[in-house]
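Step one of this worksheet: look at the structure below.
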Amino acid sequence: MKRKATAVWNGTLKEGSGHLTTASTVLNQTQYSFSSRFAEGIGTNPEELLAAAHAGCFTMKLSADLTEAGFKPEVLETQATITFEDGKIALSHLSLKAKVPGIGDGDFQQIAKKAKDTCPVSVAFSFPLELEAILL
């Protein structure tokens, strides 16, 4: 399986702008710019897309791992925060809230940590990963 995305950039870094398009067209000429990356401008940015990828991948992996362990998750809600500082991505912090009937906190924490460490996006990252997991 291969997934594709295209980036187009016009102009200089600070004055220019670009757009991103994915093969699925979920992103379809979605704007990104210097201000959307380094300030609060309109559009997306690479770090936001990494956060979405990490949150989605981790949450799916956790669902699979919980199911494999005999638990049926009702709700898994993950927020990923990518920290960009000194010109590099320094951290991905996952904040999870979960409703999983019949599981104890110890088993839940162990399974969540395993999912954090083994989801394909986590494995692709070379920067530190953190997890805060709350069982509701």
Could I get the full list of side chain to side chain contact (heavy atoms under 4.5 Å, CB included) partners for A64, not counting sequence neighbours?
none

For T6, side chain to side chain contact (heavy atoms under 4.5 Å, CB included) partners two or more places apart
V8

Partner residues of [X] under the side chain to side chain donor-acceptor pair (under 3.5 Å) criterion, sequence neighbours left out:
X    : result
T25  : none
S126 : none
E47  : R37

L136: which other cluster members, linking ILVMFWY side chains closer than 4.5 Å, directly or transitively?
I134

With ILVMFWY side chains joined below 4.5 Å, transitively, what does V26's cluster contain besides itself?
none

What donor-acceptor contacts under 3.5 angstrom involve side-chain atoms of residues 95-108, with partners at least two apart or in another chain?
| residue | atom | partner | partner atom | Å |
| --- | --- | --- | --- | --- |
| D105 | OD1 | Q109 | NE2 | 3.3 |

So, using ring-ring contact (aromatic ring centres under 6.0 Å, His included) as the criterion, who are the partners of F58 when residues are at least two apart?
none

Under the salt bridge (Lys or Arg N to Asp or Glu O under 4.0 Å) rule, collect the residues that match up with K116, sequence neighbours excluded.
none

Salt bridge (Lys or Arg N to Asp or Glu O under 4.0 Å) involving D117 - partner list, sequence neighbours excluded
K113

Give a yes or no answer on whether the side chain of N45 reaches the backbone of S36 with a donor-acceptor pair at less than 3.5 Å.
yes

Do S122 side-chain atoms and T118 backbone N/O form a donor-acceptor pair below 3.5 Å?
no

Is it possible for you to say whether L135 and L131 belong to one hydrophobic cluster, with membership spreading through side-chain heavy-atom contacts below 4.5 Å?
yes

Side chain proximity check, F125 to L50, heavy atoms < 4.5 angstrom
yes

Check residues 71-93 and write down every donor-acceptor pair under 3.5 Å in which the side-chain atom is one partner and the other belongs to a residue at least two apart or another chain.
| residue | atom | partner | partner atom | Å |
| --- | --- | --- | --- | --- |
| T78 | OG1 | T59 | OG1 | 2.7 |
| S92 | OG | H54 | ND1 | 2.7 |
| H93 | ND1 | E130 | OE1 | 2.8 |

